[in-house]
Amino acid sequence: MSAVSHLLDTLNPPQQQVVCHHRGPLLVLSGAGTGKTKVLVHRVAHLIEQKKTDIQHILAVTFTNKAANEMKQRIQSLLRLNRLDNLWMGTFHAICHRILRIHADDIGLPKHFTIIDANEQIRIIKTILKEYPSDVASFEPKMIVNIIERWKNKGLHPEDLLHQGDHKPNTQKIQQVYEHYQKALNTYHAVDFSDLILRCVDLLQKNREILAKWQSRWTHILVDEYQDTNTIQYLWLRLLAQHNHNICCVGDDDQSIYGWRGAEVSNILRFEKDFPKAQIIRLEQNYRSTPEILTAATSVIQGNKQRLGKTLWTEKKSGDKIKVYEFYDSQIEANSLSQQVADALDSGYKPDSIAVLVRTSAQTRAIEESLNYYQLPYRVVGGMRFYERSEIRDVLAYWRFSLYLDDDLALIRIINTPKRGVGPKALDKLTALARQNQTSLFIGIETAVRDGHISGKAYQTLALFCQQARQWHTWLQTLPHQEAARQILEDSGYLALWHKNRDIVATSKQENIDELISTLKNYETMPQFIDHVSLLTQADQDEDTQRVSLMTLHSAKGLEFDVVFLPGWEEALFPHKIALEENGQHGLEEERRLAYVGITRARKRAVITYCTRRLMYNQWIPSQASRFIRELPEDVIEFITQTPSQARVLPPPPVKKLSSFHAGDSVEHTTYGNGVIRHVDGDRLDILFKSGAKKILSSYVKKL
DNA sequence: TTACCCGTTTTTTTT
DNA sequence: AAACGGGTAA
């Protein structure tokens, strides 16, 4: 008997096995912790092992790249395979990206089109808005981007909006900006995130042969986290599955938390209509949590009216009650949380089986400070992402531009970094010139230099720059790519920008750049690296080290931990007031699903906390318990209140004794690095860092 | 063109 | 508290 057939028996009969064997459209409505990932992994493994299906005929869509990697690994170890190169598994965006690159010619994109991020979107919108009359120009660029995204998520192009008959004056104006924005993207040979999918759908719809090719290629389509699929993604799936009808979607309507990104639960209902023979299977046995946790989660989610409805049950043994704490303020909440983390570690839980899940990323700051103070090992998941740092984007732009001299967006980013005396004015002129001649910006600049269109100061630097750029381009063709990459940064004077500066910020930027250069060796060529990087969102750093995870509820989707802390359950923060203001009842229900996701991440212990005052914008704002706390069933919770007088006393200092400080001691600060104490003033230390002197609370520094 | 001052805003959630 | 933007002087 083969390994997998044997493993199928370890699945929990009967439904889980049915999912693995089923052919034809299948919708798996499964609750939290019912083993849906396991089922998907086994289904794919089973298909591959039976040899009836070649790996390349399977398409599996996951919600994050990380989830895809994990699933691949699990399949590999099940089948004892080394590689799964021909398996198409990844996010909608990654898969559409691959398809678009194959068919770039068919839709008039260059092979190396650029994918722009949110910052670049806003920058482009800003420049566009300048050309409009004052009423439009005063629109918030971010709002415009949001509206355009919403349209794109529904598959609406600028011209579709004209036929829609929405004649609100603002809609018409924004429609024009949308049209303008798409033109700008075209001239930059760029697409935004939503375009990856939208343009892929366009490609498939307009080109029957290409559609047929992909339809017949994929005999099996699997979709995870189906509840978070938006309209355009659904259209894409439907196009591809229409031929074979062999599509298996797994999702939980109670965990739909991306409505603001266009996800529609109605896609679940649509599925039954578009695939009439679809079978629906419900997985309702939870294998993850204690009955207490499950009861609490179920009770909260029952507050929602719009549910497909299912009843989760478990055979697990009874465990701890869910603790609900009220604290005097958010600092005390953070400190108490640290202590409880320390307790959990003491009682044997591994750091990576503990998580702190917050509603907004702003909450992480206070918690981080406290975890630092108590010297607990933690990691912020999805915080300031590596590839979003300005120095990393600069370096990537240098490389991208050197590789593709016609990449105008990259050029614009780096042309005046370091300063070459080319400001917005000069850039406007050069752009206009390039557009006039129908050339890329770089060629435009070269012409301008040759024909002497530029005056004194900028002329010198630009002439040099053009020569250098040609040189960089050649280097990438002739030298080993890692070497070329470094030389470009040297030669351009970009590295010197940070070398000059001795402060801690510059040092960390240098380190980041070094790290980026060293990752180049994992790729064979520069184009390969650039392609890969444009879709990376989370740098999977120090995965191997044992740390407590600190992240938002949204990024915790699909994960599970033994112990879960849920701080900040207060009205206005959770449910967030913007969600209520903008989306009313729907907003509230989505927040409630978020609460459900939070609680159900826990295997053994869940701790919910709130406080009566919270520090916001450096001001103390009174707060009150979230309505979700009232929705918890009393018999599974243990309620603990700290009175203000108790709360005023700060918890004792770290488990390890806090060393007393003296002038002359060397200390370390997580942000500012190493420094020397000049003067001690009670709890405040006057420290000389490389970046300059700072007065810092003793609790934030470590004695060396 | 850039550097600096001063007043204003910032906190949903992410592929 | 810290980041951002508009305005102005050099």
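Chain naming here is simple, since letters A, B, ... match the order of the sequence lines and numbering starts at 1 in each. These values consider heavy atoms only, across backbone and side chains, with no hydrogens, waters or symmetry-generated copies. Predicted model, so just to flag it, every value in this text is computed and none were measured.
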Practice task
State whether S194(A) places a side-chain N or O below 4.0 Å from either non-bridging phosphate oxygen (OP1 or OP2) of dT15(B).
Solution key: no
Problem - Whole angstrom value for the distance that separates C1' of dC4(C) from CZ of R123(A) - result: 16 Å
Practice task
State yes or no: are the ring centers of F574(A) and F628(A) separated by less than 6.0 Å?
Solution key: yes
Exercise for the section: Mind telling me whether F271(A) and Y226(A) have parallel, tilted or perpendicular rings, with 30° and 60° as the class edges? Expected result: perpendicular
Practice task
Answer with yes or no after comparing the ring centroid distance for H97(A) and F113(A) against a 6.0 Å cut-off, counting only values under it.
Solution key: yes
Exercise for the section: Look at S555(A) and dT14(B) and indicate whether a side-chain polar atom (N or O) is within less than 4.0 Å of OP1 or OP2. Expected result: yes
Exercise for the section: Could you check whether F63(A) gets within reach of a base, just the sugar-phosphate, or nothing at all, counting any heavy atom under 4.0 Å? Expected result: sugar-phosphate
Exercise for the section: For D192(A) and dT14(B), give me the distance from atom CG to atom P, rounded to whole Å. Expected result: 18 Å
Exercise for the section: Not counting sequence neighbours, which residues clear salt bridge (Lys or Arg N to Asp or Glu O under 4.0 Å) with E368(A)? List them please. Expected result: none
Exercise for the section: Measure the distance between the ring centre of Y258(A) and the centre of the six-membered base ring of dT14(B), then answer whether it is under 5.5 Å with planes under 30°. Expected result: no
Handout entry: Under 3.5 Å side-chain donor-acceptor pair for D394(A) and T417(A)
Key = no
Practice task
Give me the ring orientation class for F63(A) and Y258(A): parallel if the planes are under 30° apart, tilted from 30 to 60°, perpendicular past 60°.
Solution key: tilted
Exercise for the section: Write down the distance between OH (Y596(A)) and C1' (dT13(B)), rounded to a whole number of angstrom. Expected result: 20 Å
Handout entry: Residue-phosphate contact under 4.0 Å: K152(A) side-chain N/O, dT15(B) OP1/OP2
Key = no
Exercise for the section: Pick the P atom in dT13(B) and in dC4(C), then give their distance to the nearest Å. Expected result: 15 Å
Practice task
With heavy atoms under 4.0 Å as the rule, sort R614(A) into base, sugar-phosphate or nothing.
Solution key: nothing
Filtered N/O pairs between nucleotides 7-12 of chain B and protein, under 3.5 Å:
residue: dT12(B); atom: O2; partner: R359(A); partner atom: NH1; Å: 2.8
residue: dT12(B); atom: O2; partner: R359(A); partner atom: NH2; Å: 2.3

Practice task
Pick base, sugar-phosphate or nothing for K557(A), based on heavy-atom distances below 4.0 Å to the nucleic acid.
Solution key: nothing
